[in-house]
Amino acid sequence: MQPNLNRLLRALAREGLEVAYDGRLYTVRLQGDANAPPAEVLLPPDLPVEGKAFRQLAQLAALKHPGGGAVLRVRATPDFHPGDSGVAIGSVLHTQGMVVPGAVGTDINCGMRLHVADLSVETFLSRRDDFVERMKGHYFFGTRDVAMSSRAAEALLRDGIPGWLLETMEQPLGCAARADLSQLDRESTRIHLGGALEGTPAWAPVGYLKSGVVRDAGLATIGGGNHFVEVQRVESIGDRTRAWEWGVREGQLAFMIHSGSRDMGRHVGGAWKDRARAAWPTGKPFPDSGILPLSEPTLVAEYLRAEATAANYAFLNRLLLAELLRHTLRELFGDVEAPLIYDVPHNITLPWEGGWLARKGACPADADQPVIIPGSMGAPSYLMVGCGETRALASASHGAGRARSRFSMARGGADRRDAVLGLTGVDCITLREERRIEEAPAAYKPIGPVVASQVEAGIVREVARLSPLLTFKA
DNA sequence: ATGTGC
């Protein structure tokens with residue numbers, strides 16, 4: 001238990017929150033709301049606890065819709081922290097008969113992708129500067145040449161990666177013309193749910209599909225905040241059998257991508273924020289939290305398809321970010337095999353046990369399925385295997401979690417000084433110098449205890465630990 | 001998170 005816990009619990013009680021702690025799990029609820037389901041948080045004892053995030057979690061569990069539907073359970077991952085839309089990052093929400101667009105937000109299908117590469121670290125580093133210049137061109141200076149027929153774009157939004165591939169094989173445009181499309185087809189089985197969700201192309205921005213060729217300046221771009229593309233080394237193996245089965249070996253070069261649906265998710269998520277407000281029953285007061293569920297069945301179905309549309313786009317964004325990197329490795333080093341290990345969303349609503357599970361910054365940890373937990377800049381990342389632990393709503397953390405705000409890092413004083421000191425040995429490629437400070441290791445919680453607590457709780461097991469070689473951040 | 005917003 002952390003030393004200031006009693007003080008924190010008293011402060012939360014003054015704000016109308018009941019918090020219980022059993023030495024491992026916190027259970028939190030709004031006072032006087034005995035009917036609300038419990039919201040549980042797994043937290044290792046030495047991690048800081050944030051009152052605002054607890055309050056957001058209790059409010060999420062207390063959600064009700066006058067038209068029906070229910071929150072069954074709420075769970076938060078050990079890296080959870082306050083979110084600015086009212087829902088904490090690291091929240092997992094199990095509902096039945098209703099969905100909550102705000103419980104995913106606008107960063108729809110933000111997620112992780114991991115490749116390994118059949119190339120020694122030494123060989124790669126011998127041409128580091130050349131590699132960096134080429135990748136800067138692709139990711140930052142728009143030489144990436146992404147184009148697709150509007151048929152392919154429509155197929156992508158409606159059917160996901162397999163649909164996009166089918167149309168692209170007929171008419172490969174832009175960087176897809178240089179890609180090994182049959183390899184991409186084989187690899188789509190290593191994308192969560194095949195990267196094939198049921199979307200509705202009409203949810204794309206007006207005019208997106210209008211011309212014969214879609215040149216989308218947002219595709220194959222990293223995006224801001226904690227998003228990155230990182231070249232890594234497989235540092236150690238925790239589960240030899242599983243690592244062998246998945247094709248991961250110690251000492252291998254690897255690359256990891258953390259990105260989402262860019263403007264497509266912003267567009268869809270933003271539209272549904274307004275839609276949920278407009279659909280709230282007239283005469284009923286809005287919830288204090290501002291978090292608005294949908295319960296009318298046709299609206300629920302329509303939202304899920306809209307979310308799936310942006311999610312399909314995010315799968316392609318990560319695929320293309322990887323394809324540009326794999327292509328560049330092949331330009332520099334010849335026929336390098338660089339297979340996909342897994343691609344998994346950590347911001348999405350998916351069906352679960354007769355209802356829905358909305359994850360906002362939480363990685364699915366279904367039994368025997370790969371789980372990718374990225375480290376913050378300079379820190380190791382983890383490839384894990386899920387255990388399908390139902391009390392944890394089959395979910396793991398999506399990182400170490402922010403410990404200090406961007407604002408706190410940007411201003412002078414101790415945070416900024418710690419940030420600068422912590423950058424030693426971090427090879428970060430960015431055009432925005434402030435990004436190094438905002439995203440410095442000192443801005444994040446230590447990932448070690450975050451991962452260890454989840455192993456101890458039977459949520460995930462370690463397969464491999466990956467250490468950073470160089471990191472691209474927009 | 002977001003071709004961000006005052």
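In what follows, chains are A, B, ... by sequence order, proteins preceding strands, each numbered from 1.
Note: A:Y139 and A:F472 have perpendicular aromatic rings, judged against thresholds of 30 and 60 degrees for the angle between ring planes.
A:R55 meets the side-chain hydrogen bond (donor to acceptor under 3.5 Å, both in side chains) test with A:E15; sequence neighbours excluded. With sequence neighbours left out, the side-chain hydrogen bond (donor to acceptor under 3.5 Å, both in side chains) criterion links A:E187 to A:Q183, A:R326.
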Are there any protein N/O atoms within less than 3.5 Å of an N/O atom in nucleotides 1-3 of chain B, and if so, which ones and at what distance?
unit_1, atom_1, unit_2, atom_2, d
B:dA1, OP1, A:N226, N, 2.2
B:dA1, OP1, A:N226, OD1, 2.4
B:dA1, N3, A:T106, OG1, 3.0
B:dT2, OP1, A:R262, NH1, 2.9
B:dT2, OP2, A:G224, N, 2.4
B:dT2, O3', A:R262, NH1, 3.1
B:dG3, OP1, A:D263, N, 3.4
B:dG3, OP1, A:D263, OD1, 3.0
B:dG3, OP2, A:R262, NH1, 2.4
B:dG3, OP2, A:R262, NH2, 3.2
B:dG3, N2, A:D263, OD2, 2.4

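Salt-bridge annotation for A:D263 and A:R266: present, with a side-chain N of the basic residue lying under 4.0 Å from a carboxylate O of the acidic one.
Of the options A:R359, A:Q454, A:H94, a side-chain hydrogen bond (donor to acceptor under 3.5 Å, both in side chains) to A:S395 is made by A:R359 and by none of the others.
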